[in-house]
Amino acid sequence: MRHARWSALFVMFGLAIAGPAGAEPVVLEGARLIDGTGKPPRDNAALVIDGDKIVAVGVAGKLARPKGARVIDVRGRTIMPGLITAHSHAGLVTGAANRADAYTREAVQNALGLYEQYGVTSVTTLGLNRDLVFELRDQLKQGTIPGASLFTAGRGIGAPDGVPPQPVAPDQIYRPASIEEARADVRELAGHHVDLVKIWVDDNFGKFKKMPPDLYMAVIDECHKQKLRVASHVFYLADAKALVAAGVDVLAHSVRDLPVDDELVRALKARGVAYIPTLSVDESFFVFAEHPEVMAGDFFTRAVNPEQLALLQSQAYRDKAAANPVVAKEKAAFAVAQRNLKTLHDAGVAIAFGTDSGANPERIPGWGEHHELELMVSAGLSPMQAIVAATRGSAAVLRASDRGTLEPGKRADFLVLAADPTADIRNTRQLVTVWHGGREIQPRVPAPAAAPAAHGK
Ligand SMILES: [Zn+2]
């Protein structure tokens, strides 16, 4: 709320939020550094920031400090790149419900502020956006409003009478009735310079009409003509294969009906298709009802609004989940999705990171990204492999070559943690400071051990 009011003032007077411009260089010395490339962590690192960029990475005590630099002692800490979700949403939920009138400037800005305070420094709103998203993206790029960096697919393209089931306003999704209309919708998205185009190919367990192949083939063809890449919602193995054969660039969910096979693995690798597992999606149908302990503590409760918390903690919610026949299907889908992630990762398929956070009241922005990392590790990835997917992997999907790793020339988007997440992935929650574009952000829930290290000067 306070954020929104301030930003309105800043916009009104055309001022930039206090940023790194003109500020002195900063040197962070002594931390263990996870750079996002997958290389083993380096101890006693030094990171030099100038403006919004990293200008040097080396060993503390050996790397020269720039003249006049502010030196920060981070001994005992671990530094890793900011998280990047390549599949999330904003402005779809008010209180504890999806609402067609939820997509307001204030709602999206509040969400981006929350993500940033949870260490998610870049967010992709993958469909169901109103066109004001493009204005917000520009203002975030210019630094005139605060919040996580925004990438977006704009509206996205679904079949008439098809998924997604969320109630949204007519100006949040295209539902083309013909191939000509679909191509025109793609050209409109190209005019907005979307970062990806989103399509939905699914029938939601037989409840909706699936997008016909000739329609998505035309969309993919037109996107490639317009130099845009396509990310598809997917559930079934057969659809995944057909989409990859048709030239889709990103699978935006797990294959969840059947184990992936060699044919899909070969096609994904040959065509360089990226895979975003979003394990949280299927788990969200039962985790809060069956494992209420995940909601314990400030790290969860400060990510949700009071109505959401009351809903997810209510007996009525647990009763509804217990009686919902979809839950058994989602449990099976979740188990298949976890196994498929391990298979595809081990086979060398490009894995990125997303949560579908913000899509409904059970997909929790901020908290959800840290929870997804935990699910990826329980699927069999090492903590380092999960982190690489959530940083370099997502940056690759977005073609955002300025972020995702901590190397000279990259953006200063990183997390200072009180404990090492390669030892326990849950340590990504131990946020001491979030750095975004060279600016220091106070985490919404600072690590209990966020006081300066005892041996600090
Ligand atoms: Zn989604």
Side-chain angles (χ1 to χ4, degrees), residues 1-4 6-7 17 80-93 102-129 133 136-137 139-141 143 145-153 195 276 278 280-281 284 298-305 308 352-374 387 389-391 393-395 397-398 400 403-404 411-417 428-437 439-446:
M1 206 51 177
R2 195 158 43 120
H3 246 25
W6 273 108
S7 60
I17 299 293
M80 62 171 274
L83 297 171
I84 304 175
T85 169
H87 185 166
S88 287
H89 298 276
L92 303 183
V93 174
Y103 204 103
T104 63
R105 166 177 278 272
E106 188 184 9
V108 177
Q109 280 194 228
N110 284 344
L112 293 170
L114 185 151
Y115 278 116
E116 190 182 49
Q117 292 166 11
Y118 272 84
V120 186
T121 48
S122 297
V123 172
T124 311
T125 57
L126 202 63
L128 306 177
N129 298 277
V133 76
L136 287 164
R137 184 181 57 176
Q139 291 171 348
L140 284 153
K141 250 181 216 162
I145 58 172
S149 301
L150 179 61
F151 295 81
T152 190
D195 299 288
I276 309 176
T278 66
S280 304
V281 166
S284 73
D298 286 353
F299 200 78
F300 183 86
T301 57
R302 299 219 46 211
V304 291
N305 64 49
Q308 248 176 322
F353 177 81
T355 50
D356 222 2
S357 56
N360 67 39
E362 294 160 311
R363 313 260 171 85
I364 318 294
W367 175 83
E369 280 65 34
H370 296 270
H371 186 66
E372 177 78 15
L373 285 171
E374 209 181 331
I387 289 168
T391 55
S394 287
V397 159
L398 297 168
R403 66 196 72 203
R411 280 174 59 92
D413 289 356
F414 59 89
L415 316 179
V416 179
L417 303 171
T428 59
R429 300 166 182 223
Q430 300 291 315
L431 293 163
V432 177
T433 328
V434 175
W435 288 76
H436 181 211
R439 270 186 301 124
E440 252 180 300
I441 311 291
Q442 171 76 2
R444 182 162 300 196
V445 186

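Just so it is clear, the structure is predicted and the values come from calculations on it, not from any experiment.
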Nearest 0.5 Å, please: how far is CZ in Phe353 from CD1 in Ile387?
10.0 Å
d(Phe151 CZ, Leu140 CG) to nearest 0.5 Å is 10.5 Å
Residues Arg302 and Tyr118: closest non-hydrogen pair is C-OH, 3.4 Å
Taking every non-hydrogen atom, the tightest pair across Leu373 and Ala390:
CD2-CB, 3.8 Å
Please find the pair of heavy atoms, one from Thr85 and one from Ser88, that lie closest to each other, and give the distance.
OG1-OG, 2.8 Å
Nearest non-hydrogen partners of Arg363 and Thr355, listed with the distance
CD-O, 4.2 Å
Check the orientation of His370 and Phe299. Use parallel for under 30°, tilted for 30 to 60°, and perpendicular for over 60°.
perpendicular
Considering all heavy atoms, the nearest Gly404-Ile84 contact:
CA-CD1, 4.0 Å
If you measure from CG on Asn360 to CD on Gln308, what distance do you get to the nearest 0.5 Å?
9.0 Å
Single hit among Leu83, Ile441, Val434 for side-chain contact (heavy atoms from CB on, under 4.5 Å) with Thr121:
Val434
Under the side-chain contact (heavy atoms from CB on, under 4.5 Å) criterion, do Val445 and Leu431 qualify, and how do the steps go?
CA-CA 7 Å; Val445 186; Leu431 293 163; over 6 Å; no
Closest non-hydrogen atom pair between Val123 and Ala148, with its separation
CG2-CB, 3.8 Å
Between His87 and Ser394, is any side-chain donor less than 3.5 angstrom from a side-chain acceptor?
no
Reported OG1-to-NE2 distance for the pair Thr152 and His89, which is rounded to 0.5 angstrom
10.0 Å
With a 4.5 Å heavy-atom cut-off, do Arg429 and His371 have their side chains touching?
yes
Report yes if the side chains of Leu398 and Arg403 come closer than 4.5 Å at any heavy-atom pair, otherwise no.
no
Report the distance from atom OG1 of Thr391 to atom CG of Asp413, rounding to the nearest 0.5 Å.
11.5 Å
State the NZ-OG distance between Lys141 and Ser149, to the nearest 0.5 angstrom.
9.5 Å
Residue pair Ile145, Leu136: steps toward the side-chain contact (heavy atoms from CB on, under 4.5 Å) verdict
CA-CA 8 Å; Ile145 58 172; Leu136 287 164; 3.7 Å; yes
For Glu116 and Arg444, run side-chain contact (heavy atoms from CB on, under 4.5 Å): C-alpha distance rounded to whole Å, both residues' side-chain angles, the deciding distance at 0.1 Å, then the answer.
CA-CA 9 Å; Glu116 190 182 49; Arg444 182 162 300 196; over 6 Å; no
Would Glu372 and Ser280 count as having a side-chain donor-acceptor pair, cut-off 3.5 Å?
yes
Check the pair Tyr103, Leu128 against side-chain contact (heavy atoms from CB on, under 4.5 Å), reporting the backbone distance first and the verdict last.
CA-CA 9 Å; Tyr103 204 103; Leu128 306 177; over 6 Å; no
